[in-house]
Structure formats: structure tokens, C-alpha cells
Amino acid sequence: MKILNRCYQLYKPTSRLYKPTYNQSCLNRLYSQTNVAFPGAPLSQYTESLKIDRDWPVIPTYRFLDTDGNVISKDPLSIDNDTLLKMYTNMITLNTMDMIMYEAQRQGRISFYMTSYGEEAIHMGSAAALTLDDVIYGQYREAGVLLYRGFTLDEFMNQMYSNDLDYGKGRQMPVHYGSNKLNFQTISSPLGTQIPQAVGSAYALKLEGKQAVSLCYFGDGAASEGDFHAALNMAATTESPCIFFCRNNGYAISTPCIEQYRGDGIAARGHGYGVATIRVDGNDALAVYNSVKEAKRIALSESRPVLIEAMTYRVSHHSTSDDSSAYRSKQEVANWQESASPINRFRKYLEKQNLWDAEKEKTKSSEIRKQVLKAFGKAEKRKKPSLKGLFTDVYDTLPQHLVEQEAELNRLLKKYPTHFNSIDQHAK
């Protein structure tokens, strides 16, 4: 093996650019040796016994707390009380916003919404382990991550109502958030497109010498997209500090995991691409925190990507366009909600640490509900974005055909004011 290593020089983690090389003449001399010298699998060894691998070790699922909030792991936990309380209050805030906005959609006040019931620990545990220098790519169920990073309730509501303060100027569906100042890339509806983009960002961070990672969230269904496979291979070969965070919540909309794959979940795929892999209990906020913190350390110190598979359960419907009772029983959902609630588990832990109690729960829940409703009311009353936004932000200088289209629109609005009486609802 020492001879092989001299002949086949694997790329070094400290290198800024990917430059794998091997000595062809040395490789030819080694062809008859015990060790495999083919460039496609240089670490393999020859065997004279035919064996087709059918079974592999199942990847364990890491947890820190049991379901009653007791610490059962011997791993250290480097986190202060203020951060723990911030994580929990943001869980309550996210849960409260979900309840109010889900009902608002049902009343026709916004067009679409997605809740995060059952996945709150994933949001707060991962967000707490990162800094604002880290670049975030979400799929669509990561509102809690953005909330933890500092996105205000007003900003959430402005986006969902597509009003004149919406950063996207009304061009996106509700819950498609984005924030330059918080390093959170704007959500895109097509599944998986953000995964290779996150690798590109991670590679750029590496080339710039920054001590930051790119973290990309996606679901188990998106892991079936070609973007996922291309991204993992690209991150591995370019040695990019990218963390792939898969929320395996059991269902890709209506398709259960048993109908999606036959392998050992999503985590097992990391090995095939040479990506360091962690599987974690996604309903355990502290296990998620430790996992992301360690993943970031590995990504930066070893200059390599890491895949995290967070096992959880989607209590809610996929979105307001979905009725999950069509493909799973209400009893199944109720059982999960009762036995595996990430909020209840984390609250029990805080109570055991004398950081929380019933009185604090009552006071904070009431306070948060008032804050959400206040932001809700303010956003709903604001005007819609200016119609000028129909033509801007694509070209640096507006081309002639768009200049003509804008002039024609203004002419029609002026000529037929009664046909466009909603024009007063838009900002100038």
C-alpha cells in the first residue's frame, strides 16, 4: 500500500484547488501486485473469492436527549443558557406563526402556506450551531432557521402578504423568503435546485479563505433529484466546505419513504460519494446542534463536505394545497404528535435545568401571540408593490421593448380607470 500511495497521489485537503494526479508508469508496474492499481478504486484489494455485497451496516441515529428531556449522551454540550432559551422561544414563535398563518390562508387572506409542525428542533438546533457568516440555502420549510438568524415577524408577514415592503416585490409565492443581510438565499420552488448552488457557494468560500460553510436544507424527496447526486459528487471532488442537511420527515408530499428507496435512508448515499456522514434524531434539538457544530468543524478543518440526515416526522399537511389524510391515518399523526413532539421534549429538558416553568410558558406564549397578530395586522393593511416592479430588476438598463410595454400599460390604466379600480391598492 505504501508503494501505491507514492504512485497515486490523492488530493490534499490543504490544497486550494482540486488537483488529483497519478503516475501512469508506476501504475502500470503495480498492475500485477496485490493491491488494485486502477485509478477508479485505488484503495481496493484483490480477492479470489466471488462475493456480491447484499448487506451493509445500518447507520445509527445519534441522540442527546431521551423523549422525557433527560440527557443520555456522554458527549459534551457547549451551549449557554441564553442560547437554549432563544432556541425554545423561537420554537414557540414559529409554532404560533404557523397556527395563525395556516388559518389566514384558509380564510383566503393569503394564497399559500407551509407549516413546520413536528420539525421545530431541526430549525433551531441547526441554526444555533451556525453564524451569520455561513451561507444558508433553504428548500421551503426552514422559516425557523431564518427566524433564529434575526428575520423579524414584520419581515415574514410582508413577504406572505406580498406588500410594498416585501423584499421580493410581490414576485414570489408566500413562504419563499430571502435575506441578503442574514445570508439566507431566496427560496426557489423547484425541488433540489439549491443543492448544487450551495456547493458553488462553499467552493467560493474556500477559495476566498473564509472560515464559513454553506449549509443546504432539502427533504428526502428532493434527494431523489439528479441535483442531489451531482452536488454531492461535486462537493467531494472539489473538497468544498458544504453541509448537506436532509430533513427526512417520512413523506415526500404523499409518497412514503418505503416507496422512495430501498437503501439505508439518505445517509447511506454519502458514503458512495466519499462524503462524511451523520444521522441524527431530528426531534432532539441538542443532538441536531451537536451534529451541525461537528459537521462545520469537519468541513472547515478537513476541507470536505458533510451529509446530515435528520430523522423526523411531518405532523402537518405538506402545505395548504395538501390533505395528508388521503395517504396516512389521523391516528398515525396523533401518535407521533403525542409521543415525539420536539417542543415538548426540549421544554422538559429546560424545566429539568431550572430554566423554564409553566408560568413562563403561559406568559411567553401570550406575549408571542400578540406580537404575531400585531405584525399580521400591519402587513395586511399595507399597499401592494408598485407596478413598476413588473419591468425592473432583470436588465441593468431597461430595453426598448419593456419601455414600450410600460408606456402601453400606463396608457391603458389612464384610459380605462374604472376597469382597473384596484390600481389604488398599489404603491406608486
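Here, residue 1 is the first one in the sequence, and each next residue gets the next number. Values reported hereafter were calculated over all heavy atoms of this structure, with side chains retained and with hydrogens, waters and symmetry mates removed.
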- Tell me, do Asn90 and Leu147 make a side-chain contact under 4.5 Å, heavy atoms counted? yes
**OP:** Determine whether Leu307 and Tyr273 make a side-chain contact, defined as any pair of heavy atoms from C-beta on separated by less than 4.5 Å.
**Re:** no
Checking Ser126 against Tyr217: is there a side-chain donor and acceptor pair closer than 3.5 Å?
yes
Contacts satisfying salt bridge (charged side-chain N to carboxylate O under 4.0 Å, His left out) that involve residues 178-200 (not counting sequence neighbours) are Glu155-Lys181
In short, Gly192 meets Asp227 closest at the heavy-atom pair O-CB, 3.1 Å
Any donor and acceptor pair, going by atom type alone, linking the side chain of Ser291 with main-chain N or O of Ala287 inside 3.5 Å?
-> yes
For Arg171 and Asp393, the nearest pair of non-hydrogen atoms, with its separation, is NH1-OD2, 2.8 Å
In the structure I gave you, are the side-chain heavy atoms of Met97 and Met160 within less than 4.5 Å of one another anywhere? yes
Ring pair (Phe, Tyr, Trp, His ring centres under 6.0 Å) filter on Tyr313, not counting sequence neighbours, yields Trp336
- Side-chain donor-acceptor pair under 3.5 Å between Asp166 and Asn158, yes or no? no
| said: So does Ala198 get a backbone contact from the side chain of Ser214, meaning a donor-acceptor N/O pair under 3.5 Å? | reply: yes
Sorted by chain and number, sequence neighbours left out, side chain to side chain donor-acceptor pair (under 3.5 Å) with Lys210 holds for Glu208
(message) If we count only N and O atoms by modelled type, under 3.5 Å, do the side chains of Thr312 and Asn283 hold a donor and an acceptor together?
(response) yes
(message) Using a 6.0 Å cut-off, check whether atom NZ of Lys370 has over 12 heavy atoms from anything other than its own residue.
(response) no
Applied to residues 338-369, the ring pair (Phe, Tyr, Trp, His ring centres under 6.0 Å) test, sequence neighbours excluded, yields Tyr88-Trp356
Please confirm whether the backbone N or O of Gly118 pairs with a side-chain atom of Glu120, one donor and one acceptor, at under 3.5 Å?
yes
Nearest heavy-atom contact between Gln260 and Ser224 is OE1-OG, 4.4 Å
>> Measuring only between side-chain heavy atoms, which start at C-beta, is Ser321 closer than 4.5 Å to Phe112?
In response: yes
Return a table of donor-acceptor pairs under 3.5 angstrom between the side chains of residues 50-64 and protein atoms on other chains or two or more places apart.
residue	atom	partner	partner atom	Å
Tyr62	OH	Asp75	OD2	3.2
Tyr62	OH	Asn290	ND2	3.2

Closest heavy-atom pair, Arg149 versus Asn183, reported as atoms and distance to 0.1 Å, is NH2-CB, 3.7 Å
Do any N or O atoms from the side chain of Arg314 and from the backbone of Ile253 form a donor-acceptor pair under 3.5 angstrom? yes
Residue set satisfying side chain to side chain donor-acceptor pair (under 3.5 Å) with Asn335, at least two apart, ordered chain then number -> Gln331
*With distance as the sole test, does Arg345 use its side chain to make a donor-acceptor pair with the main-chain N or O of Ala285 at under 3.5 Å?*
no
- Could you tell me whether the side chain of His317 reaches within less than 4.5 Å of the side chain of Asp323, counting heavy atoms only? yes
In terms of heavy-atom contacts, Ile278 and Ala295 come closest through CD1-CB, 4.2 Å
Next item on the list: Give a yes or no on whether the backbone of Met91 and the side-chain of Asn95 come within a donor-acceptor separation of less than 3.5 Å.
Entry: no
Exercise. Do the non-hydrogen side-chain atoms of Val213 and Leu205 ever get within less than 4.5 Å of each other?
Worked result: no
Q.
Do Tyr148 and Thr83 have side chains that approach each other closer than 4.5 Å (heavy atoms only, starting at C-beta)?
A. yes
Exercise for the section: Just do the side chain to side chain contact (heavy atoms under 4.5 Å, CB included) check on Ile136 and Leu130 with the steps written out, would you? Expected result: CA-CA 10 Å; Ile136 304 298; Leu130 301 171; 3.6 Å; yes
side-chain contact (heavy atoms from CB on, under 4.5 Å) with Met157: of Val372, Leu165, Thr152, Ile110, only one passes, and it is Val372
Side chains of Leu65 and Val71: does their closest heavy-atom pair fall under 4.5 Å? yes
Q: For the pair Asp220 (side chain) and Cys246 (backbone), establish whether a donor and an acceptor sit closer than 3.5 Å, ignoring hydrogens and angles.
A: no
Residue set satisfying side chain to side chain donor-acceptor pair (under 3.5 Å) with Asp133, at least two apart, ordered chain then number -> none
Do other residues, nucleotides or ligands put more than 12 heavy atoms under 6.0 Å from Arg328 CZ? yes
Residue pairs passing the side chain to side chain donor-acceptor pair (under 3.5 Å) test with at least one member in residues 192-202, sequence neighbours excluded, are Tyr137-Ser201
> Does Thr320 reach the main-chain N or O of Tyr113 with its side chain, forming a donor-acceptor pair under 3.5 Å?
Replying inline: yes
Hits for salt bridge (charged side-chain N to carboxylate O under 4.0 Å, His left out) against Glu361, two or more places apart or cross-chain, chain-then-number order -> none
Start with the C-alpha gap between Glu142 and Arg247, add the side-chain angles, then the distance that decides, and say whether side chain to side chain contact (heavy atoms under 4.5 Å, CB included) holds.
CA-CA 10 Å; Glu142 285 78 37; Arg247 294 178 289 94; 2.5 Å; yes
> How about Asn180: does its CG atom have over 12 heavy atoms from other parts shown lying under 6.0 Å from it?
Replying inline: no
Taking the basic N atoms (NZ, or NE/NH1/NH2) and the acidic carboxylate oxygens, is any pair closer than 4.0 Å for Glu309 and Arg269?
no
Does the side chain to side chain contact (heavy atoms under 4.5 Å, CB included) test come out yes or no for Thr96 and Ile100, once each step is laid out?
-> CA-CA 6 Å; Thr96 303; Ile100 291 174; 4.0 Å; yes
message = Less than 3.5 Å apart, any donor N or O on the side chain of Arg141 or His318 sitting next to an acceptor on the other?
response = yes
Asp66 meets the side chain to side chain donor-acceptor pair (under 3.5 Å) criterion, sequence neighbours left out, with Asn70
So with a 6.0 Å cut-off around NZ of Lys388, is the heavy-atom count from everything else above 12? no
Residues pairing under ring pair (Phe, Tyr, Trp, His ring centres under 6.0 Å) where one sits in residues 156-180, two or more places apart or in two chains, turn out to be Phe151-Phe156, Phe156-Tyr177, Tyr161-Phe376
So the ring pair (Phe, Tyr, Trp, His ring centres under 6.0 Å) pairs with at least one residue in residues 247-272 (sequence neighbours excluded) are Tyr251-Tyr327
* To do: Count the heavy atoms belonging to other residues, nucleotides or ligands that lie under 6.0 Å from CD of Glu338, then report whether that count exceeds 12.
  => no
Looking only at heavy atoms, the pair that brings Val315 and Val333 closest together is O-CG1, 3.4 Å
Q: Would you check if the side chain of Lys206 reaches a backbone N or O of Glu239 as a donor-acceptor pair within less than 3.5 Å?
A: yes
Point to revise | Salt-bridge contact Arg297-Glu294 (side-chain N to carboxylate O under 4.0 Å) | key: yes
State whether the side chain of Lys330 and the backbone N or O of Ser325 hold a donor-acceptor pair below 3.5 Å, judged by distance alone. no
